[in-house]
Enquirer: 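I'd like to ask you about the structure that follows.
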Amino acid sequence: MSSNGHPTENSPLLANDGNQEHTDIQTATKSNPKVRATVWGSLTVLFVAAIILLVGFESLFGDAFAPWLGKLPKDPHLAALAILDKAPVIVHLPILVRGSYSNNASAVDLESEMPGHVDIPRLRKGKVGGFFWSTYVSCPDPAAAGWDFLGATWKVRDTLEQIDVSKLLIAKYPNTFALALTSEDVKTAVAEGKIASLLGVEGGHQLGNSIAVLRQYYNLGVRYVTLTHTCHNAFADSCGLNSGIIPLHGGLSPLGEVLIDEMNRLGVLVDLSHTSDATAKQGIAHSKAPVIWSHSSARAVHDVPRNVPDNILRLIGHGENKTDAVVMVNFAPFFVAAPGKATVEAVADHVDHIAQVSGKEHVGLGSDFDGIGDVPVGLEDVSKYPVLIAELYRRGWNKYELAGLTGGNLLRVMEGAEKIALELQAAGASPAFDLYKKRRDIGKKRIEL
């Protein structure tokens with residue numbers, strides 16, 4: 001710890017309480033002068049030996065002894081592994097099980113090599129400490145949904161199936177996964193050597209135009225909801241997949257504002273990936289709680305609508321008129337670079353740019369593994385996270401900044417959302433009962449049976 005109280009490179013990532021041990025040593029040494037002399041003599045010898053090794057032989061033994069001396073190895077790959085031991089990556093896993101296994105959890109063997117980017121051996125190799133199981137289902141055909149979004153309500157059914165198969169797979173591997181409902185659950189899982197598993201819903205179309213559905217998803221364990229996917233919905237405008245999508249609401253609809261209010265009250269993270277710029281700006285302004293981009297990159301590095309522009313990145317922070325948030329970088333090559341140019345270095349460029357504009361405490365890793373077809377060179381699956389961490393370490397990121405990137409920043413935002421939810425509930429905030437005005441199946445008047 002430096003003289004001003006800030007951590008240095010020799011400080012541990014996780015603080016330990018050594019008061020009791022210190023007291024025991026003091027008691028023993030005070031009670032017996034010979035013991036005191038022996039203890040302090042031994043400590044002096046060890047200290048001198050450590051200094052000799054560090055100063056005189058660092059070029060030969062530096063990386064081998066670095067962890068013992070509270071330092072990171074100079075080798076970027078070894079440094080990345082050391083960081084990830086204490087601050088494992090948090091990522092999110094989409095829809096492979098539905099598409100390839102028809103949601104038959106018994107047919108899925110995550111302990112063997114899976115066809116996509118994620119399985120337990122590769123999660124362990126990549127030192128993944130937690131991820132969002134994205135209970136995503138695609139936008140409905142516009143003809144089925146209709147201009148008023150009243151069709152295709154089976155998307156709620158499909159989402160429930162995705163929640164079901166996610167929880168079944170988490171339960172199937174209890175020694176590997178732990179369902180996490182809070183930031184404390186995530187920390188506990190990581191401390192126990194398990195992979196914290198959080199649930200998210202990736203699109204407002206999956207709510208069936210109903211805020212009541214949000215509450216039921218929350219009760220089933222969902223802790224983030226993306227306001228839109230590639231389609232507009234009753235709550236908000238999407239950015240689409242390519243440029244040219246025509247806005248519908250001009251950002252959030254009135255019902256979308258109520259949805260955010262209810263998400264804040266419950267403690268569900270507001271996810272602004274896939275939203276239009278207007279929706280993102282209004283979402284930041286309206287939300288009382290910190291927000292996330294679960295899988296978005298920097299538009300200034302690669303200009304596609306799905307990435308976050310600088311004028312929105314500048315709204316993120318801790319100062320006046322800023323909102324705490326974390327932008328979790330997407331690895332999908334289409335969002336990273338021009339065709340054939342997506343590499344681990346290009347992904348690091350997005351991380352660096354977001355950090356430069358918003359601050360290093362506001363960037364994370366979203367990946368979208370198993371939700372994307374192609375991958376960047378060097379980041380072929382979840383086992384490759386150390387390669388990205390090593391690249392950023394080469395660029396000057398220290399262990400605290402990298403610990404934030406790999407999970408700490410997201411946990412801070414989760415804690416912030418949980419705090420706001422507790423405050424709103426303590427203040428007596430009531431559940432939202434607003435109905436989508438275009439619904440024709442439920443009226444405002446009581447119907448006598």
Side-chain angles (χ1 to χ4, degrees), residues 92 132-140 145 148-164 166-167 179-182 198-229 231-238 249 251-275 279-280 282-284 286-294 413-414 416-425 428-439 441-442:
H92 84 276
F132 279 118
W133 296 68
S134 179
T135 61
Y136 159 75
V137 292
S138 62
C139 286
D148 51 9
F149 309 113
L150 293 178
T153 54
W154 65 84
K155 292 296 180 180
V156 174
R157 175 206 64 192
D158 295 350
T159 302
L160 291 172
E161 290 176 349
Q162 291 303 95
I163 294 171
D164 176 63
S166 297
K167 296 177 79 170
L179 180 65
L181 302 179
T182 66
L198 302 112
L199 301 180
V201 167
E202 199 177 324
H205 66 281
Q206 296 179 240
L207 296 173
N209 311 315
S210 173
I211 291 174
V213 169
L214 168 73
R215 286 191 285 270
Q216 298 314 303
Y217 287 169
Y218 175 84
N219 290 336
L220 291 172
V222 169
R223 290 299 179 267
Y224 85 85
V225 172
T226 316
L227 295 186
T228 71
H229 199 255
C231 53
H232 300 321
N233 58 55
F235 304 102
D237 285 349
S238 167
H249 308 290
L252 292 171
S253 72
L255 190 65
E257 293 181 348
V258 177
L259 175 67
I260 290 178
D261 291 339
E262 188 67 355
M263 293 170 74
N264 289 168
R265 189 188 71 84
L266 292 170
V268 176
L269 288 168
V270 176
D271 178 18
L272 298 173
S273 284
H274 286 286
T275 63
T279 297
Q282 293 167 25
I284 291 171
H286 191 81
S287 179
K288 300 178 181 67
V291 300
I292 67 170
W293 280 259
S294 64
V413 166
M414 286 183 66
E418 291 163 1
K419 180 176 180 290
I420 292 296
L422 288 174
E423 291 174 354
L424 289 171
Q425 292 169 25
S430 299
F433 297 105
D434 299 57
L435 295 175
Y436 180 43
K437 292 181 178 179
K438 292 183 171 62
R439 285 181 63 175
D441 61 310
I442 185 169

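Predicted model, so just to flag it, every value in this text is computed and none were measured. These numbers come from the heavy atoms of this one structure, side chains and all, not from hydrogens, waters or symmetry mates.
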Enquirer: Which residues pass the side chain to side chain contact (heavy atoms under 4.5 Å, CB included) test with Leu422, sequence neighbours left out?
Expert: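 By the side chain to side chain contact (heavy atoms under 4.5 Å, CB included) rule, Leu422 matches no residue at all.
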
Enquirer: Could you walk me through whether Leu259 and Leu227 pass the side-chain contact (heavy atoms from CB on, under 4.5 Å) check?
Expert: CA-CA 9 Å; Leu259 175 67; Leu227 295 186; 4.0 Å; yes

Enquirer: Could you measure the distance from the CD atom of Gln425 to the CG atom of Asn264? Nearest 0.5 Å is fine.
Expert: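 Atom-to-atom, Gln425:CD and Asn264:CG are 11.0 Å apart.
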
Enquirer: Would you confirm whether Lys167, through its side chain, and Leu220, through its main-chain N or O, come within 3.5 Å as a donor-acceptor pair?
Expert: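 Checking the backbone N and O of Leu220 against the side chain of Lys167, a donor-acceptor pair under 3.5 Å is found.
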
Enquirer: Closer than 3.5 angstrom, by distance alone: can the side chain of Glu202 be matched with the main-chain N or O of Ser134 as a donor-acceptor pair?
Expert: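 Answer holds: no.
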
Enquirer: Would you give the length of the straight line joining atom CD of Gln216 to atom CG of Leu207, rounded to the nearest 0.5 angstrom?
Expert: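 Rounded to the nearest 0.5 Å, the CD-CG separation comes to 12.0 Å.
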
Enquirer: If every non-hydrogen atom of Gly283 is compared with every non-hydrogen atom of Ile260, which pair is closest and at what distance?
Expert: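 Heavy-atom minimum between the residues: CA-CD1, 4.0 Å.
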
Enquirer: Under 3.5 Å, is there a donor-acceptor pair between the side chain of His229 and the main chain of Val137?
Expert: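 Such a contact is absent between His229 side chain and Val137 backbone.
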
Enquirer: Can you name the closest pair of heavy atoms from Asn209 and Phe149 and give their distance?
Expert: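 Heavy atoms of Asn209 and Phe149 come nearest at ND2-O, 2.9 Å.
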
Enquirer: Heavy atoms only: give me the nearest Ala145-Pro140 pair and the separation to one decimal.
Expert: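 Reported closest heavy-atom pair: CB-CG, 3.8 Å.
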
Enquirer: Of all residues at least two apart in sequence or in a different chain, which pass the side chain to side chain contact (heavy atoms under 4.5 Å, CB included) check with Thr228?
Expert: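 For Thr228, the residues satisfying side chain to side chain contact (heavy atoms under 4.5 Å, CB included) (neighbours in sequence not counted) are Asn233, Ala236, Ser238, His274, Thr275.
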
Enquirer: Could you measure the distance from the CG atom of Leu179 to the CG atom of Leu198? Nearest 0.5 Å is fine.
Expert: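 CG of Leu198 is found 8.0 Å from CG of Leu179.
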
Enquirer: Among all residues two or more places apart in sequence or in another chain, which pass the salt bridge (charged side-chain N to carboxylate O under 4.0 Å, His left out) test with Glu262?
Expert: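 Glu262 satisfies salt bridge (charged side-chain N to carboxylate O under 4.0 Å, His left out) with Arg215, Arg265 only.
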
Enquirer: Which heavy atom of Trp293 sits nearest a heavy atom of Ala280, and at what distance?
Expert: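 Minimum heavy-atom separation between Trp293 and Ala280: CZ2-CB, 4.2 Å.
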
Enquirer: Check the pair Ile442 / Tyr436 against side-chain contact (heavy atoms from CB on, under 4.5 Å), numbers first and verdict last.
Expert: CA-CA 10 Å; Ile442 185 169; Tyr436 180 43; over 6 Å; no

Enquirer: So, for Val213 and Val156, which heavy atoms are closest and what is the spacing to 0.1 Å?
Expert: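 Closest approach of Val213 to Val156, heavy atoms only: CG1-CG1, 4.3 Å.
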
Enquirer: Quick one: are Leu199 and Tyr217 in side-chain contact, heavy atoms under 4.5 Å?
Expert: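 Heavy-atom side-chain distance check fails, nothing below 4.5 Å.
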
Enquirer: Apply side-chain contact (heavy atoms from CB on, under 4.5 Å) to Val222 and Leu214, showing your working.
Expert: CA-CA 9 Å; Val222 169; Leu214 168 73; 5.9 Å; no

Enquirer: My understanding is that only residues two or more places apart in sequence, or in another chain, count here; which of them pass side chain to side chain donor-acceptor pair (under 3.5 Å) with Thr279?
Expert: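 Partners of Thr279 under the side chain to side chain donor-acceptor pair (under 3.5 Å) test: Ser276.
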
Enquirer: For Asp158, enumerate each residue passing the side chain to side chain donor-acceptor pair (under 3.5 Å) test, keeping only those at least two apart in sequence or located in another chain.
Expert: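 Testing Asp158 for side chain to side chain donor-acceptor pair (under 3.5 Å), a comparison that skips the adjacent residues, returns Arg98.
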
Enquirer: Over 60° means perpendicular and under 30° means parallel, so tell me whether Tyr224 and Phe132 are parallel, tilted or perpendicular.
Expert: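 Rings of Tyr224 and Phe132: perpendicular, over 60°.
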
Enquirer: Are the side chain of Arg223 and the backbone of Gly200 linked by a donor-acceptor contact shorter than 3.5 Å?
Expert: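 No, because the side chain of Arg223 does not come within donor-acceptor range (under 3.5 Å) of the backbone of Gly200.
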
Enquirer: What are the two closest heavy atoms between Ile284 and Leu272, and how far apart are they?
Expert: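 Closest approach of Ile284 to Leu272, heavy atoms only: CG1-CD1, 3.9 Å.
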
Enquirer: Can we say Arg439 and Asp148 salt-bridge, meaning some charged N sits less than 4.0 Å from an Asp/Glu carboxylate O?
Expert: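 The answer is no: the pair does not qualify as a salt bridge.
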
Enquirer: Give a yes or no answer on whether the side chain of Lys155 reaches the backbone of Ser138 with a donor-acceptor pair at less than 3.5 Å.
Expert: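 Such a contact is found between Lys155 side chain and Ser138 backbone.
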
Enquirer: Show your reasoning for whether side-chain contact (heavy atoms from CB on, under 4.5 Å) applies to Asp261 and Leu424.
Expert: CA-CA 10 Å; Asp261 291 339; Leu424 289 171; over 6 Å; no

Enquirer: Name all residues meeting the side chain to side chain donor-acceptor pair (under 3.5 Å) criterion together with Ser210; count only those two or more places apart in sequence or in a different chain, and write none if there are none.
Expert: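 Ser210 satisfies side chain to side chain donor-acceptor pair (under 3.5 Å) with no residue once adjacent residues are dropped.
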
Enquirer: Roughly how far, to the nearest 0.5 Å, is CG of Leu269 from OG of Ser287?
Expert: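 So the gap between those two atoms works out to 9.0 Å.
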
Enquirer: So, applying side-chain hydrogen bond (donor to acceptor under 3.5 Å, both in side chains) with Gln206, which one of Thr159, Thr226, Thr135 is it?
Expert: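 That would be Thr159; it is the only one of Thr159, Thr226, Thr135 passing the side-chain hydrogen bond (donor to acceptor under 3.5 Å, both in side chains) with Gln206.
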
